[in-house]
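Reviewing the structure listed below.
These figures come from a predicted structure and were not determined experimentally. We count ligands from 1, going down the list as the structure has it; atoms in each ligand are counted the same way. Below, all heavy atoms of this structure are taken into account, side chains as well, without hydrogens, waters or symmetry copies.
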Amino acid sequence: MILFSIAMWYSLLLPFERYTLSTISMWRWWGRPSEPPPPRYGYFLHITDFHVDEAYLPGATLESDCHRPPLQRTSSSPVAGRLGAPGYRCDSPIELVQQTLNWIKKEWRHQLDFVVWTGNNDVHPHNTLGDDHGLLSFYSQLWHPWIPSDQQSTFQAGGYFAVDLGRRLRALSLNTMYFYIKNDAVRGCHKPGIAQTQMLWLEQQLTKARNENVKVYVMGHVPPSPRDFRSSCFHDYTRLSAEFANVIHGHFYGHLNMDHFLMYDGGDMAITRNIDKYVDWLRDMYSSLDPPSVKAELPLVVIQVAPSVLPVYLPAIRIYQYEINDNDDRGKMPHGTLLGYKQYFANISQYQDAPLAYELEYDTKEAYGLHDLTVESYYQLAKDMMEESGKKLWDTFVENMFVQTMDSDELA
Ligand SMILES: *[C@@H]1O[C@H](CO)[C@@H](O)[C@H](O)[C@H]1NC(C)=O
């Protein structure tokens, strides 16, 4: 993937940052009881994988990664679009990212409590990040307003941090580069080193949250899977997730561009990289799950993997709804429970001139019949999709997985 200058990122994110800053000032309220509590709406945005490329050139050839104009203007072969080149190996034009942020600002700005933005692995050299304090202190400065002051030194040392999202809700943002199998600069989680240090930090944070009766969302870039995590780190991550299942109300990841969920019950898993086989692998995973009640000692874990803004398929963003239940009122779900999400996509081929508008792709309640996003509900969905009678549901799931660009017949 293409690298871009950090300065470009910063200028791009400025409108977004202002907006995120106001969210941060809301978080600050919790320490200052004299001020009125900020309104909470029960919605947040998960956005991932912008992959902005400042060298993207509309009209360029697709073979040049959308960087160079065709030598002759004769052929009718497709060229890079103004807002991107879905299905090709090009990154995103600045225009797509800017228009995406504009749409969010226009439609959602006043209803979002916070934003989950799951970073990237495109450091230089690619996929390689050790305890490079130059890079981490650079990001500490860049993201200074977003990282609580008591977390600055943690972030500078490892690129991970904790941040409160309001009363009794906290995000633990992981640096998944340290668990990533492609990162040669780290050892696994069972040997002394930065990966193990981060895993210990995660465990300490989860214990702390449990003691404080705070619910947690865990977020990162590369989703935990036997395909992408070092086995020792995958093992520890799933163990902690199961052990703290009643503390963690969500796991949010990106990186894979495909809209799906992973579900682990602690059993052994096969590994694959091919996309067709990846879907088969998911099928096997969903079919082999034991009911949550059978595994009381090892609860199921659901990992949310959101599709990207980068149009590998079509650009997509996700708005979650979560339960606000500060006082543990009965008749409501536990505080922080994910209730559902709306998945939006933009059919960029239709917007050559007009401002980009995202449209609703699906809603988890209507598309999948999910009353909430708990492990029990996802278990039922996985089972339903694997039934003989669940073919239609499975087909919907696969179409959504590739943001309406492929159906399950094309994969077969
Ligand atoms: C996107 O737009 C194209 C061109 O108008 C159309 O053919 C296609 O069906 C649209 N796709 C979706 C998922 O709406």
Residue, atom name and distance, where the atom is the protein heavy atom closest to atom 4 (C) of ligand 1: S349 OG, 4.0 Å
Ring center gap for F252 and Y217 short of 6.0 angstrom: yes
Protein contact to atom 5 (O) of ligand 1 [nearest heavy atom, distance to 0.1 Å]: Q350 NE2, 3.2 Å
Pair R40 + D113: basic N to acidic O under 4.0 Å: no
Donor-acceptor pair between N120 and H51 side chains, under 3.5 angstrom: yes
Ligand 1 atoms in contact with Q404 (distance to a heavy atom under 4.0 Å): 13 (C)
Aromatic centroids of Y322 and Y43 separated by under 6.0 Å: no
Atom 14 (O) of ligand 1 touched by protein heavy atom at under 4.0 Å: yes
Protein contact of atom 9 (O) of ligand 1 - nearest heavy atom, named by residue and atom, plus distance: N347 ND2, 4.8 Å
Ring centres under 6.0 angstrom apart (Y264, F234): yes
